[in-house]
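Presented below is the structure to which this report refers.
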Amino acid sequence: MNPIRILLIGGGHAHIEVVRRFQSLFSGLAVEMMLLNPEPMAVYSGMIPGVVAGHYRTEDCLINLPALCECHGVTWNPGRFKALETDAQRVLLESGESLTFDMLSLDIGSVPATEPVQGAVHAVTVKPAHQFLRHWEAFLEQVDRTKPRTVSVVGGGVAGVELGLAMAHRIQTTQGERPWHWRLIAGGGLLEGHNPMVRRRAKQALDAAGIHCLTHVEVTAIQADGLQLADGQRLHSDFTLLCTSAVPPQSLSGCGLPLSDQGYIRVDEDLRVKSMHNVFAVGDIAHFPRPLPKAGVYAVRQGPVLAQNLLRLVRGEPLQPFHPQRRYLKLISLGEKKALASRGWLYCSGAWVWRWKNRIDVGFMEQYQR
Ligand SMILES: Cc1cc2nc3c(=O)[nH]c(=O)nc-3n(C[C@H](O)[C@H](O)[C@H](O)COP(=O)(O)OP(=O)(O)OC[C@H]3O[C@@H](n4cnc5c(N)ncnc54)[C@H](O)[C@@H]3O)c2cc1C
């Protein structure tokens, strides 16, 4: 009898945990697992601001997928998923290759929205994260030490605030106090959904870093050297970073998957795609019955549940539900080695919060970098 073939598409935060548990959970069973991810390195987003700020090396936030797979008896395939043929239990890759499966799971994340902004190709998007890190390093290398630059961050959520502060910190520590121009443009307010103390503290940090905040302002177009606002104003910008709200990384229409209005894959509480018995979706790409924020913390917590449910499906046992927490703790780094904790009405900040975040992040990475 052929082994049962489990295909994991995307080396996201949930799938790396499934890979890590593969041998311990499936030993003795005729099951083979393959992980498909176009790049050999997966990026742990929680540490990106720290890398940008210069507190970590780039490799500190990277997970070597071929090495992780080899260590846990999983096959790595450097392909990019293109389409799914549900009836044939087959996925098509961008290379033209096709792969069959008995069980499938998708964990392909999300990317910042670039529409309806015109000329978004002139900006750098924060995801795919490895591309963003490459652009940032290239920008740092070609920075002329004598010439101040203008940097614009579009997006007033956690990623926009953290990265604006991280970039400003890096430039101030490497280039000195020369008058670079920094701005953060938010379509709404800053850190909407967070409590007022958190928002006030973040604004203080942005002010102290010299980052000019434009809130309730729409960017309509981006050019190589600037951007255009809805009121017609044109602003100069040498480096424009998009940290806008999340959208699926590719259109999944035509794949036979049930999709939400935003194009995410609808799943049931057991993480199975609605009305499909052998296809799962997790992380940002999944649209849970009670829609969840697009946050890595949910993907991380779905990993063990997904691993268990794949095993249960192999054994013909009932699947277990994923119980998402209603609120989760957000630790927001502030450029220098300080951070802000936000959960409901909880607020605290300081160097000790950064050390707390550092312990969590480094501890997370140690599980996958050994
Ligand atoms: C700067 C920044 C900081 C953040 N900090 C935090 C934080 O502190 N806490 C938190 O909870 N959330 C944080 N987030 C949000 C977090 O990054 C996402 O919610 C999280 O990465 C989602 O994980 P995922 O498993 O869904 O996908 P990802 O981790 O994004 O992984 C998706 C993977 O799928 C691969 N992929 C994409 N398309 C294909 C394809 N067609 N075929 C095959 N593979 C594909 C990608 O290459 C990638 O490896 C942050 C986001 C940013 C931008």
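Ligands are counted one by one from 1 in listed order, and the atoms in each one are counted from 1 as well. Please read these numbers as outputs of a predicted model, since none were measured by experiment.
- By the criterion of a heavy-atom distance under 4.0 Å, neither the backbone nor the side chain of K82 is placed next to ligand 1.
- With a 4.0 Å heavy-atom cut-off, ligand 1 is reached by no atom of H15.
- Listed by chain and number, the hydrophobic cluster partners of L92 come to none, as no ILVMFWY side chain reaches under 4.5 Å of it.
- For the 3.5 Å distance criterion, the side chains of E17 and Y368 qualify, holding a donor opposite an acceptor.
- Contacts with ligand 1 closer than 4.0 Å are made by heavy atoms of both the backbone and the side chain of R80.
- For F288 and F322, the ring centers are positioned less than 6.0 Å apart.
- In this structure, of I108, V297, L35, the residue bringing a heavy atom nearest to atom 39 (C) of ligand 1 is I108.
- When all heavy atoms of A209 and Q172 are compared, the pair lying nearest together is O-NE2, 3.2 Å.
- Considering backbone and side-chain N/O of N37, one or more are found under 3.5 Å from N/O of ligand 1.
- Of the listed residues (S45, G46, P248), the one carrying the non-hydrogen atom nearest atom 51 (C) of ligand 1 is S45.
- Only one option out of E39, M41, H135 pairs with H130 in a side-chain contact (heavy atoms from CB on, under 4.5 Å); it is E39.
- If you check which protein heavy atom lies closest to atom 26 (O) of ligand 1, you get D284 N, 2.7 Å.
- When non-hydrogen atoms are compared, ligand 1 lies under 4.0 Å from the side chain of L163 (C-beta onward) but not from its backbone.
- Looking at every heavy atom in both residues, V117 comes nearest to V219 through CG2-O, 3.6 Å.
- At a heavy-atom distance under 4.0 Å, only side-chain atoms of V126, from C-beta outward, approach ligand 1.
- In E94, neither the side chain nor the backbone holds a heavy atom less than 4.0 Å from any atom of ligand 1.
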